Undergrad: 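The following block contains the structure, expressed as structure tokens.
Here the structure is a predicted model, which is why all the values come from computation and not from measurement.
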Amino acid sequence: MELANYRKRTGLKQADAANRAGVSVGKLSHLETGERQQQPSDIAKVLSAYGAAQHDVNRLTSLAEVPDESNWWGAWRDVVPDWFGTFVGLERLATKEFVFEPIVIPGLMQTEEYARELSRSSQRVRLDHSERVVEVRMERAHRLSAEEPMHLHATVNEQALRLRVGSTETMREQYEHLIDLAGRPNILFQVVVPERGRHEASNGQFVVLEFDKARPIVYAELQDGAMYVQHPGEVNTYRVSARSLERVALPPDESVRFVADLIKRL
């Protein structure tokens, strides 16, 4: 994505950019889409041809040296739309994730049965793809318990927690899973309730992904696609929203008690 942005800032079409960098148009296309593992030498050659600053060349070539574990979802490519596949790959490389979910429990925190019920009831998921969509969601969750786990800060609307998904047992299991996750050192869980006042995330769901060797990226889902925000100023706007949510939401200990109370009410 950053390679494509650098090219666009130079005002070059792919054919002209490929000629300037001394690579084929096909290779440049693959480098920009990430369909093949990028080699640091190719990244450096292309960025140098665009006149990128040396610190950006160093940053992106370092990112290209990361082992290619981000395309594990290739086996599910036929059930994962391209716009979401990009997010899954980025999430695999992220060190931190902030997510705000106003409607449903975040995918990384869903139980298998909760995810299955959501998939079954969705008109956008083919019946024969339902189980495989659940598999993708469960595979994503492994990022929270890896040897070097990602840090997750999840803020969830009360409405999302109260949304009835499946049976009473499904909801009980999901609530208990949230409480378990909230006790992990790499996870911060907060509930957003209306009594605490307004916040700056009035436009809905969004995710901020942070990386060791790349700039943060914001991901926000649309009706049938997604928006990726990379410009530092625009990313900062979402960070302001994230700080607002953290301030307004219930503290972590009160959030756990809130979920525990929901279990009692089942």
Side-chain angles (χ1 to χ4, degrees), residues 1-2 63 66 70 83-110 114-115 136-137 139-146 148-161 163 174 177-194 196-222 225-256 258-259:
M1 291 172 71
E2 293 209 47
L63 184 60
V66 175
S70 61
W83 53 265
F84 185 69
T86 299
F87 169 73
V88 170
L90 290 169
E91 185 179 62
R92 195 73 163 190
L93 296 174
T95 55
K96 296 180 180 179
E97 176 175 323
F98 178 94
V99 57
F100 170 54
E101 278 289 357
I103 306 299
V104 298
I105 291 170
L108 285 175
M109 307 183 84
Q110 293 175 10
Y114 182 97
V136 174
R137 203 160 296 175
E139 185 64 32
R140 283 177 56 209
H142 290 165
R143 191 69 182 82
L144 297 176
S145 56
E148 294 184 9
M150 177 178 68
H151 183 277
L152 174 67
H153 184 174
T155 54
V156 184
N157 259 357
E158 175 184 352
Q159 174 188 350
L161 292 170
L163 180 69
Q174 178 62 71
H177 183 59
L178 286 176
I179 292 174
D180 174 67
L181 290 175
R184 299 185 187 183
N186 61 309
I187 297 176
L188 182 61
F189 171 68
Q190 292 184 271
V191 179
V192 181
V193 295
R196 301 270 295 187
R198 69 176 298 275
H199 52 73
E200 299 297 329
S202 57
N203 289 332
Q205 178 270 357
F206 70 93
V207 176
V208 181
L209 295 173
E210 298 194 30
F211 311 87
D212 279 339
K213 298 178 180 178
R215 290 192 295 260
I217 291 177
V218 172
Y219 165 86
E221 290 190 1
L222 307 175
M227 176 180 67
Y228 290 88
V229 178
Q230 301 176 76
H231 187 278
E234 295 174 350
V235 169
N236 188 58
T237 299
Y238 283 90
R239 283 178 154 170
V240 169
S241 294
R243 290 194 293 270
S244 172
L245 284 163
E246 181 177 12
R247 183 178 63 255
V248 170
L250 294 173
D253 56 343
E254 291 184 31
S255 296
V256 169
F258 184 94
V259 176

Undergrad: Using 4.0 Å as the upper bound for N to carboxylate O, is an ion pair formed by Glu158 and Arg196?
TA: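 Here Arg196 does not pair with Glu158 in a salt bridge, since their nearest N and O are not under 4.0 Å apart.
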Undergrad: Between the side chain of Asn186 and the main-chain N/O of Met150, is any donor-acceptor distance below 3.5 Å?
TA: yes
Undergrad: For residues Gln159 and Ile103, determine if any side-chain heavy atom of one lies less than 4.5 Å from a side-chain heavy atom of the other.
TA: yes
Undergrad: Do Arg239 and Pro216 have side chains that get closer than 4.5 Å, going by heavy atoms?
TA: yes
Undergrad: Out of curiosity, Leu178 CG to Ile105 CD1, how far, rounded to the nearest 0.5 Å?
TA: 4.5 Å
Undergrad: Looking at Asn203, I want to see if its CG is surrounded by more than 12 non-hydrogen atoms of other residues, nucleotides or ligands under 6.0 Å.
TA: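 12 or below, so no.
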Undergrad: Of the options His177, Arg137, Gln174, Arg140, which is the one that meets Gln110 in a side chain to side chain donor-acceptor pair (under 3.5 Å)?
TA: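 The passing option is Arg137.
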Undergrad: Hey, are the side chains of Ser241 and Phe100 touching, using non-hydrogen atoms and a 4.5 Å cut-off?
TA: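 Of all side-chain heavy-atom pairs linking Phe100 with Ser241, none is under 4.5 Å.
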Undergrad: As an exercise, state the distance from CZ of Phe211 to CD1 of Ile217, rounded to the nearest 0.5 Å.
TA: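 The CD1 atom of Ile217 is 4.5 Å from CZ of Phe211, to the nearest 0.5 Å.
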Undergrad: Looking at every heavy atom in both Ala154 and Pro106, which two are closest together, and how far apart are they?
TA: CB-CG, 4.4 Å
Undergrad: With a 4.5 Å limit on heavy-atom distance, are the side chains of Val229 and Phe206 in contact?
TA: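 Side-chain contact under 4.5 Å: no.
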Undergrad: Without hydrogens or angle criteria, can the side chains of Gln190 and His153 be said to hold a donor-acceptor pair below 3.5 Å?
TA: yes
Undergrad: Any side-chain heavy atom of Phe84 sitting closer than 4.5 Å to one from Tyr219?
TA: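 They are in contact (side-chain heavy atoms under 4.5 Å apart), so the answer is yes.
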Undergrad: For the atom pair CG (Leu163) and CD (Glu101), what is the distance rounded to the nearest 0.5 Å?
TA: 11.5 Å
Undergrad: Look up atom NE2 in His151 and atom CD1 in Ile187, then write down how far apart they are to the nearest 0.5 Å.
TA: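 Interatomic distance, His151 NE2 to Ile187 CD1, rounded to 0.5 Å: 8.5 Å.
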Undergrad: Do Thr155 and Phe98 touch side chain to side chain, with heavy atoms closer than 4.5 Å?
TA: yes
Undergrad: Tell me, do Phe189 and Leu181 make a side-chain contact under 4.5 Å, heavy atoms counted?
TA: no
Undergrad: Donor-acceptor check, side chain of Arg143 to backbone of Leu108, threshold 3.5 angstrom: yes or no?
TA: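 Flag not set: sc Arg143 to bb Leu108 has no pair under 3.5 Å.
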Undergrad: Is any side-chain heavy atom of Arg215 closer than 4.5 Å to a side-chain heavy atom of Gln230?
TA: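 In short, these two side chains do not touch, never coming nearer than 4.5 Å.
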Undergrad: Indicate every side-chain donor-acceptor pair of residues 243-255 with a distance under 3.5 Å to a residue at least two apart or in another chain.
TA:
| from | atom 1 | to | atom 2 | distance (Å) |
| --- | --- | --- | --- | --- |
| Ser244 | OG | Glu200 | N | 3.0 |
| Ser255 | OG | Val191 | N | 2.9 |
| Ser255 | OG | Leu250 | O | 3.1 |
| Ser255 | OG | Pro251 | O | 3.0 |

Undergrad: Please identify which of these residues, Asn157, Leu161, Val156, meets the side-chain contact (heavy atoms from CB on, under 4.5 Å) condition with Val192.
TA: Asn157
Undergrad: Of all the heavy-atom pairs spanning Val256 and Ala182, show the shortest one and how long it is.
TA: CG2-CB, 3.7 Å
